[in-house]
Amino acid sequence: MAYDAGHHGLAQRYFIQALGLADAAEDRLLAASILDAMSHQASFLGRYREAANMARAARLGTESVGVPILTSHFHLMEARALARIGDADACDRAMGAAMENFGRHVAGESPEWIRYFDAAELTAELGHCHRDLGRPDRAIEYATQALDSASGDYVRSDFFVAMVLADAHLDRGDIDEACRVAIEAFTIGEGLEPSRCRGYVREFRQRLQRHRRSAEVREFAARVRHSKLWAPMAAGQ
């Protein structure tokens with residue numbers, strides 16, 4: 001919750017405390033899952049090599065008791081970090097391993113706390129990776145799959161992947177479709193706590209700068225100017 005609210009120092013202290021408690025309880029799977037979450041936060045903060053190392057440690061620490069669905073997620077967190085630093089070969093290997101382990105998962109054979117991780121979440125993460133590797137066509141493919149198969153129970157995840165889809169359309173040069181998807185994403189995200197959402201909006205806004213003179217971008221900016229996801233950033237926040 002502290003991470004989602006943008007209180008990153010506090011979140012890290014809670015993560016470290018939770019990791020210590022999981023270790024004391026000799027719960028290796030839970031400890032690895034906490035490392036996985038710490039990897040996610042490190043990527044969000046731009047510490048990509050640290051994020052990759054944390055995800056790798058989570059995976060290696062549970063090899064002897066590996067649960068395929070967890071191992072899949074550990075590979076994905078490593079892939080997310082590797083994509084950000086542009087290591088395409090290693091990222092592709094991690095994505096391949098994630099998909100292989102996901103395919104080995106048997107329903108009911110995993111801890112309750114990882115059961116949110118379904119096919120929609122998997123394809124959303126793959127969409128993130130391909131966007132960051134500069135592969136907009138693959139990013140569009142996976143992000144679209146994620147949205148099409150989403151249950152609607154995880155609104156924040158839907159917002160994130162919709163923004164990834166908008167980014168990918170911009171990267172492909174389809175400004176009108178990018179703005180249309182972003183409008184839909186803003187509608188989804190309007191009721192969310194904006195801290196982490198703003199990071200996605202910031203990336204989209206940076207991409208829009210290349211097309212700022214286009215009529216589609218001006219119309220988009222006019223439509224979202226009063227959104228809490230957009231307006232605070234315009235004020236430098």
Side-chain angles (χ1 to χ4, degrees), residues 1-85 90-91 93-126 128-129 146 150-151 153-158 160-161 192-193 195-197 199:
M1 290 171 66
Y3 168 26
D4 289 342
H7 305 307
H8 292 291
L10 179 61
Q12 288 168 349
R13 291 196 293 274
Y14 281 133
F15 278 141
I16 291 169
Q17 184 180 11
L19 186 60
L21 291 168
D23 284 338
E26 299 182 352
D27 190 334
R28 291 165 64 186
L29 293 179
L30 182 57
S33 185
I34 294 164
L35 273 175
D36 183 72
M38 294 172 74
S39 169
H40 195 289
Q41 185 194 32
S43 280
F44 182 78
L45 295 175
R47 300 201 294 263
Y48 304 121
R49 295 192 184 278
E50 179 183 339
N53 288 336
M54 285 179 174
R56 200 172 296 123
R59 175 170 53 83
L60 294 175
T62 55
E63 279 186 328
S64 63
V65 290
V67 174
I69 195 75
L70 279 172
T71 302
S72 176
H73 204 275
F74 301 156
H75 278 295
L76 281 174
M77 289 301 98
E78 184 178 0
R80 285 280 301 271
L82 292 168
R84 285 292 198 176
I85 60 177
C91 181
R93 288 194 295 272
M95 286 192 288
M99 289 187 284
E100 179 184 352
N101 278 277
F102 188 86
R104 292 171 49 217
H105 169 61
V106 176
E109 292 185 359
S110 61
E112 182 70 30
W113 37 264
I114 193 61
R115 292 182 187 170
Y116 75 92
F117 180 48
D118 57 12
E121 292 284 336
L122 172 70
T123 49
E125 297 292 357
L126 295 173
H128 279 78
C129 291
S151 65
D153 294 334
Y154 304 106
V155 177
R156 187 176 56 188
S157 294
D158 294 345
F160 292 159
V161 74
L192 299 174
E193 165 57 44
S195 178
R196 277 178 57 200
C197 296

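What you see is a predicted model; the values in this text were computed from it and never measured.
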CD1-CG distance between Ile16 and Leu21, expressed to the nearest 0.5 angstrom | 12.0 Å
Please table the atom pairs, donor to acceptor, closer than 3.5 Å between any side-chain atom in residues 31-44 and protein atoms at least two apart or in another chain.
from, atom 1, to, atom 2, distance (Å)
Asp36, OD1, His73, ND1, 3.3
Asp36, OD2, His73, ND1, 2.7
Ser39, OG, Ala51, O, 2.7
His40, ND1, Tyr3, OH, 2.8
Gln41, NE2, His8, O, 3.4
Gln41, NE2, His8, ND1, 3.1

Identify the two heavy atoms, one from Leu45 and one from Gln12, that lie closest to each other, and give their separation to 0.1 Å.
-> CD1-NE2, 3.7 Å
Distance from Thr71 atom OG1 to Leu60 atom CG, nearest 0.5 Å?
-> 10.0 Å
From the options Met95, Arg93, Arg56, select the one residue that forms a side-chain contact (heavy atoms from CB on, under 4.5 Å) with Glu78.
-> Arg56
Any donor-acceptor pair under 3.5 Å linking the side chain of Ser72 with the backbone of Pro68?
-> no
dist Arg104:CZ -> Glu109:CD (nearest 0.5 Å) comes out at 10.5 Å
Arg115 atom CZ, over 12 foreign heavy atoms within 6.0 Å = yes
For the student: nearest non-hydrogen atoms of Val65 and Leu29, plus distance = O-CD2, 3.8 Å
Candidate pair Leu19 and Phe15, rule side chain to side chain contact (heavy atoms under 4.5 Å, CB included), full reasoning | CA-CA 6 Å; Leu19 186 60; Phe15 278 141; over 6 Å; no
Report the residues that fulfil side chain to side chain contact (heavy atoms under 4.5 Å, CB included) with Ser64, sequence neighbours left out, ordered by chain and then residue number.
-> Arg28
Heavy atoms only: give me the nearest Tyr48-Ile85 pair and the separation to one decimal.
-> CB-CG2, 3.5 Å
Begin with the C-alpha distance, continue with both residues' side-chain angles, and end with the deciding distance and a verdict on side chain to side chain contact (heavy atoms under 4.5 Å, CB included) for Phe160 and Arg196.
-> CA-CA 9 Å; Phe160 292 159; Arg196 277 178 57 200; 3.3 Å; yes
From Leu76 atom CG to Phe117 atom CZ, the distance as rounded to the nearest 0.5 Å | 4.5 Å
Heavy-atom pair with the smallest gap, counting every atom of Ala120 and Thr123 = O-OG1, 3.1 Å
Shortest non-hydrogen separation from Glu121 to Ser157 and the atoms involved | OE2-OG, 3.1 Å
Looking only at heavy atoms, which two atoms of Ala79 and Ala94 are closest? And how far apart?
-> CB-CB, 3.7 Å
State the NE2-CD distance between His75 and Glu100, to the nearest 0.5 angstrom.
-> 8.0 Å
Return yes if some donor-acceptor pair links the side-chain N/O of His105 with the main-chain N/O of Asn101 below 3.5 Å, else return no.
-> no
About how many Å separate CD1 of Ile69 and OH of Tyr116, when rounded to the nearest 0.5 Å?
-> 9.0 Å
